[in-house]
Amino acid sequence: MNAYAPILVLGALGAGFAVFSVVMASLIGPKRYNRAKLEAYECGIEPTPQPAGGGRFPIKYYLTAMLFIVFDIEIVFLYPWAVTFDALGMFGLVEMLLFVLTVFVAYAYVWRRGGLEWD
């Protein structure tokens, strides 16, 4: 139990700070409500009506999302591999090379489809 005490203390401090911040903001914050303040906030241009079945999104949105997911998954696997690199030996190296090659295929696909061009 002694090993988990610092983690529990840090969690309690974080939760306490979050609760304190929310309570203090509601107590000392301004309370001037108006119609504009109560509306949903959206930045940018005014939204246009969409067709009943929903509009079509360009493939660039999906390619960008796929690129973020690919790199997130890569980091999730690379970090534990780097921590236990010595214990895994040659098997771990070969498996990670195969994984990075697979990630590179997904990256090349996004690159060829124009997912990295921001115009």
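It should be emphasised that the depicted structure is a prediction, and the values quoted were computed from it without experimental measurement.
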Can you sort out the partners of F99 under side chain to side chain contact (heavy atoms under 4.5 Å, CB included), two or more places apart, ordered by chain and number?
I73, E74, F77, M96, V103
Path from V83 to L78 over hydrophobic side-chain contacts below 4.5 Å
no
More than 12 heavy atoms of other residues, nucleotides or ligands under 6.0 Å from CH2 of W81: is that the case?
yes
Between side-chain atoms of residues 84-93 and protein atoms elsewhere (two or more places apart, or another chain), which donor-acceptor pairs fall under 3.5 Å?
from: T84; atom 1: OG1; to: P80; atom 2: O; distance (Å): 3.0

Under 3.5 Å, sequence neighbours excluded: what are the donor-acceptor pairs made by side chains of residues 4-31?
from: S21; atom 1: OG; to: F17; atom 2: O; distance (Å): 2.8
from: S26; atom 1: OG; to: V22; atom 2: O; distance (Å): 3.4
from: S26; atom 1: OG; to: V23; atom 2: O; distance (Å): 2.8
from: K31; atom 1: NZ; to: S26; atom 2: O; distance (Å): 2.5
from: K31; atom 1: NZ; to: G29; atom 2: O; distance (Å): 3.4

Which value, rounded to the nearest 0.5 Å, describes the distance between M66 atom CE and I69 atom CD1?
9.0 Å
Please round to the nearest 0.5 Å and tell me the distance separating atom CG of D72 and atom CG of L67.
9.5 Å
